[in-house]
Visitor: 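Handing you a structure now.
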Amino acid sequence: MNKLENTIDSDLAGPAPRHRTTQVKVGNVTVGGGAPIVVQSMTNTDTADIDGTIAQVAALARAGSEMVRITVDREEAAAAVPHIRDGLAKRGITTPLIGDFHYIGHKLLAAYPACAEALAKYRINPGNVGFKDKRDTQFADIIEIANKNGKPVRIGANWGSLDQELLTKLMDENAASANPRDVRAVTREAMVQSALLSAARAEELGMPKDRIILSAKVSAVQDLIAVYQDLAARSDYAIHLGLTEAGMGSKGIVASSAALGILLQQGIGDTIRISLTPEPGGDRTREVQVGQELLQTMGFRTFVPLVAACPGCGRTTSTTFQELARSIQDFIRDEMPNWKSKYPGVEELNVAVMGCIVNGPGESKHANIGISLPGTGEAPAAPVFVDGKKFRTLRGPTISADFKALVIDYIDQRYGQGAKAPVTAAE
Ligand code: SF4
């Protein structure tokens, strides 16, 4: 039995124990070694646009991104990085910035030492670090600068920019083999080897294991699962999980959740990024929200109170419960940045908004506070349940506003200063 299999117990009702990885410090954030799974994201601004990048990093951090990656693709971008770091610090934002380097990372880091210092981690793509005889020296240059600055690196192999020399070598060996494997299997093996060989080389160059994070991103769900299972079974480096080019809208969310959910359940993954393509003009923070919701719905972490709502059916002819569920969820999410310090523990709150009597009372009783709205033909009364007991019945046109006020009261009494006991008042 290998190390990974040792960590999986199919009898567990919850997530499996985390795959044992080495712990890495990235600025003020801990990744791996049993630390809570970290949510990260990436900007899509031009990094040379200092104000625009500060604004987007701030928005991502406010949404809950615990690390933010920025592109460092040219001299103007490298020159901007320390100013971005300083601008964020002035706003009180200490979220670690990760530099994403391709092709000329070694030159930019050497020419802009303030950039090398301001970044909390460097991302290196072993397929894009250089080619032929320059590959090793350029990789070594980046590792040397990282060592000098005490910075960790992510060695991130990617299906779309895989080390072609390694892939060709493995393909040739496979073709000459008596039992050749499927081409995709060989490509997956090249992904894993690319990450592991580069990590081994970094260690030879003096980088300690606790400053190395690995990733091997693929855009196909089944390939991604296979690659990461292999990577985790063959090493104990901290692991960054992500489905690359996940896509837009529901497709990107479903594909990422399917792939990452399976791996996280198996104990694989220390930090995640959901790579969503935003709609034109869309909100970049959506990927942070999806990452948090994935971890929270799977029971790994709690970030924000969740609102359970029934899907509605022929027993509901009005949209009251949908509007109430949306309004409560939006209200909670908007208020969370302020509530974090004011109401410690509020992120564990569960609210239920249900459409009729069939499942309404039952589901509401399982929540901290829940409401069962009247379905078609039911008496126009909405029982509210608090900590499993009927608390009050709301009636009339102000049901939504009244329920929202009860939620706020509950939060204040349960999580506010000096209030530890659940609300116990009855109708
Ligand atoms: S709780 Fe009522 S309204 Fe909601 S889905 Fe179930 S039966 Fe339909």
Side-chain angles (χ1 to χ4, degrees), residues 13-15 249-258 261-262 265 286 289-300 302-336 339 346-411 413-415 422-427:
S250 60
K251 187 267 173 186
I253 295 170
V254 170
S256 289
S257 302
I262 287 169
Q265 185 68 12
R286 182 88 173 109
Q289 186 183 334
V290 173
Q292 288 187 333
E293 286 176 354
L294 175 63
L295 294 181
Q296 184 156 351
T297 53
M298 291 190 72
F300 289 107
T302 50
F303 297 95
V304 66
L306 290 182
V307 177
C310 77
C313 65
R315 296 177 68 94
T316 50
T317 49
S318 86
T319 55
T320 308
F321 84 97
Q322 295 155 319
E323 286 159 8
L324 181 56
R326 165 55 57 201
S327 144
I328 295 280
Q329 184 72 76
D330 288 351
F331 172 70
I332 286 171
R333 194 163 277 283
D334 289 347
E335 290 297 320
M336 256 324 268
W339 286 354
V346 71
E347 63 277 7
E348 293 181 357
L349 176 81
N350 284 303
V351 181
V353 178
M354 302 295 291
C356 86
I357 201 169
V358 173
N359 289 322
E363 194 64 44
S364 297
K365 281 181 191 168
H366 290 300
N368 295 107
I369 179 164
I371 186 167
S372 176
L373 290 161
T376 310
E378 292 178 33
V384 173
F385 297 83
V386 169
D387 293 324
K389 296 196 182 80
K390 176 112 169 267
F391 175 71
R392 186 168 295 167
T393 301
L394 301 178
R395 290 184 175 83
T398 58
I399 283 180
S400 293
D402 294 346
F403 181 63
K404 204 164 166 182
L406 287 176
V407 171
I408 296 166
D409 281 354
Y410 182 92
I411 290 172
Q413 289 182 47
R414 171 122 191 191
Y415 302 101
V423 181
T424 52
E427 187 174 17

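Order of listing sets the numbers, starting from 1, for every ligand and every atom in it.
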Visitor: How far apart are the C-alpha atoms of F403 and V353, what are their side-chain angles, what is the distance that settles it, and do they pass the side chain to side chain contact (heavy atoms under 4.5 Å, CB included) test?
Guide: CA-CA 10 Å; F403 181 63; V353 178; 4.1 Å; yes
Visitor: Checking the side chain of S257 only, and the main-chain atoms of V254 only, is there a donor and an acceptor separated by less than 3.5 Å?
Guide: no
Visitor: Which atoms from ligand 1 have a heavy atom of V358 less than 4.0 Å away?
Guide: 7 (S)
Visitor: Which atoms of ligand 1 have any heavy atom of N359 under 4.0 Å away?
Guide: 1 (S), 6 (Fe)
Visitor: Check for me whether G375 has a heavy atom closer than 4.0 Å to any atom of ligand 1.
Guide: no
Visitor: Looking only at protein heavy atoms, which one is nearest to atom 8 (Fe) of ligand 1, and what is the separation?
Guide: C313 SG, 2.3 Å
Visitor: Looking only at protein heavy atoms, which one is nearest to atom 2 (Fe) of ligand 1, and what is the separation?
Guide: C356 SG, 2.3 Å
Visitor: Under 3.5 Å, side chain of Q296 to main-chain N/O of V304, donor-acceptor pair present?
Guide: yes
Visitor: Any Lys/Arg nitrogen of R414 or E348 sitting under 4.0 Å from an Asp/Glu carboxylate oxygen of the other?
Guide: no
Visitor: Pull out every atom of ligand 1 sitting under 4.0 Å from any heavy atom of T316, numbered as shown with elements.
Guide: 3 (S)
Visitor: Counting only heavy atoms from other residues, nucleotides and ligands, does the tally under 6.0 Å from CD1 of I357 exceed 12?
Guide: no
Visitor: I need the atoms of ligand 1 closer than 4.0 Å to a non-hydrogen atom of R315, numbered in the order shown.
Guide: 7 (S)
Visitor: Would you say the side-chain atoms of T376 pair up with the backbone N or O of R315, donor to acceptor, closer than 3.5 Å?
Guide: yes
Visitor: From atom 8 (Fe) of ligand 1 out to just under 2.8 Å, does an N/O/S atom of C310 turn up?
Guide: no
